[in-house]
Amino acid sequence: MTTVRTFSARSAAMALFLSLVLCAVAALADVTFTTERMRLVTADSKSHELTVELAIDADQREQGLMFRRSMAPDHGMLFDFGETRRVMMWMKNTHLALDMLFADKRGVVRTVHENAVPFSEAIIDSREPVAFVLELNAGTVKRLGIKPGDRLESARIGGN
């Protein structure tokens with residue numbers, strides 16, 4: 001009789017766990033993102049056109065690029081915090097290695113973090129107050145020669 005009760009308790013616990021996981025996955029699936037065109041202008045005046053998904057509200061910013069397995073080379077995700085503040089990011093549940101550009105309200109890149117490690121829970125700190133974070137595929141910063149002082153331009157940033 002003890003074996004039956006233990007098995008039933010384990011089955012109930014497993015069913016509860018699976019229900020919670022499915023609810024969490026369903027909640028993430030409900031988060032949608034709009035896109036916008038963006039221009040990245042480097043110090044040498046080279047212009048690079050990008051398509052970015054917009055993470056504007058809390059649910060979008062929380063999900064970000066988690067669980068994504070791929071992203072086109074000319075795509076990214078723009079996090080808009082709606083205010084200027086110090087920002088902390090991480091890579092929990094993120095399969096893609098990423099480069100992060102931390103930009104002020106005018107779109108000027110203030111700090112850069114290259115090659116963020118997938119699944120890492122280490123904090124990636126903007127090191128100064130920013131309004132936006134642009135996440136790109138790892139290697140983009142090196143490939144395009146992106147540095148602090150470069151500019152992000154879009155309808156959302158500075159009305160460009």
Side-chain angles (χ1 to χ4, degrees), residues 14 16-43 48-158:
M14 182 57 83
L16 177 60
F17 172 75
L18 290 174
S19 296
L20 291 172
V21 168
L22 289 175
C23 287
V25 169
L28 288 174
D30 290 341
V31 177
T32 59
F33 300 90
T34 58
T35 62
E36 122 178 340
R37 295 294 295 165
M38 170 176 282
R39 181 178 300 118
L40 171 63
V41 182
T42 56
H48 306 279
E49 299 293 325
L50 303 169
T51 299
V52 296
E53 292 180 76
L54 303 174
I56 300 166
D57 67 34
D59 289 337
Q60 291 168 327
R61 287 190 304 267
E62 182 179 340
Q63 181 175 330
L65 290 169
M66 289 186 349
F67 306 109
R68 303 276 182 98
R69 301 257 180 198
S70 65
M71 183 167 59
D74 62 341
H75 283 62
M77 181 168 284
L78 180 70
F79 292 77
D80 181 347
F81 293 94
E83 63 182 339
T84 298
R85 64 180 175 86
R86 194 167 173 179
V87 172
M88 310 287 179
M89 305 290 280
W90 68 353
M91 297 290 289
K92 183 176 182 177
N93 297 320
T94 305
H95 295 264
L96 304 171
L98 298 171
D99 290 343
M100 296 181 192
L101 311 180
F102 296 89
D104 66 20
K105 66 182 178 181
R106 296 174 297 130
V108 176
V109 176
R110 308 302 296 174
T111 59
V112 174
H113 182 88
E114 292 184 67
N115 297 307
V117 177
F119 302 104
S120 173
E121 293 186 22
I123 298 299
I124 301 166
D125 185 354
S126 65
R127 300 189 307 261
E128 61 181 87
V130 296
F132 303 98
V133 176
L134 177 60
E135 293 183 339
L136 302 165
N137 285 307
T140 303
V141 164
K142 184 175 183 175
R143 181 172 51 85
L144 301 181
I146 300 167
K147 295 180 176 42
D150 293 349
R151 288 186 335 271
L152 306 177
E153 299 176 350
S154 72
R156 178 161 295 281
I157 301 175

Closest non-hydrogen atom pair between [X] and [Y], with its separation:
| X | Y | result |
| --- | --- | --- |
| V117 | M91 | O-CB, 3.2 Å |
| F102 | M89 | CE2-CG, 4.0 Å |
| L65 | T94 | O-CG2, 4.1 Å |
| F33 | L54 | CD2-O, 3.3 Å |
| D80 | R61 | O-NH1, 3.2 Å |
| A138 | N115 | CB-OD1, 3.2 Å |

Pairs meeting criterion side-chain hydrogen bond (donor to acceptor under 3.5 Å, both in side chains) with involvement of residues 119-128, two or more places apart:
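Pairs touching residues 119-128 that pass the test: R86-D125, R110-E128.
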Identify, with sequence neighbours excluded, every residue that meets ring-ring contact (aromatic ring centres under 6.0 Å, His included) alongside F119.
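For F119 the ring-ring contact (aromatic ring centres under 6.0 Å, His included) partners, ignoring immediate neighbours, are H95.
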Starting at [atom1] of [X], measure out to [atom2] of [Y] and round the result to the nearest 0.5 Å.
| X | Y | atom1 | atom2 | value |
| --- | --- | --- | --- | --- |
| L96 | R69 | CG | CZ | 9.5 Å |
| I146 | L134 | CD1 | CG | 7.5 Å |
| R143 | L136 | CZ | CG | 8.5 Å |
| F79 | E62 | CZ | CD | 11.0 Å |

Using only atom types and a distance under 3.5 Å, with no angle test, would you say the side chain of D99 pairs donor to acceptor with the backbone of T140?
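At least one qualifying donor-acceptor pair exists.
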So, the side chain of N137 versus the backbone of A72: is there a donor-acceptor pair under 3.5 Å, distance only?
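The answer is yes, because a donor-acceptor pair under 3.5 Å joins these two groups.
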Strictly by modelled atom types, are S154 and R39 linked by a side-chain donor-acceptor pair under 3.5 Å?
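No, no side-chain donor-acceptor pair sits under 3.5 Å.
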Could you please spell out the steps behind the side-chain contact (heavy atoms from CB on, under 4.5 Å) verdict for I157 and M38?
CA-CA 9 Å; I157 301 175; M38 170 176 282; 3.7 Å; yes
Tell me, do [X] and [Y] make a side-chain contact under 4.5 Å, heavy atoms counted?
| X | Y | answer |
| --- | --- | --- |
| L78 | L50 | no |
| T51 | R37 | yes |
| V130 | D104 | no |

Does R68 come within less than 4.0 Å of E53, counting only side-chain N to carboxylate O?
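Salt bridge present between R68 and E53.
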Testing T42, V112, L101, V108 one by one against D150 for a side-chain contact (heavy atoms from CB on, under 4.5 Å), which residue passes?
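Answer after filtering T42, V112, L101, V108: T42.
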Could you walk me through whether L98 and M77 satisfy the side-chain contact (heavy atoms from CB on, under 4.5 Å) test, starting with their C-alpha distance in whole Å, then the side-chain angles of each, then the deciding distance to 0.1 Å, before giving a yes or no?
CA-CA 10 Å; L98 298 171; M77 181 168 284; over 6 Å; no
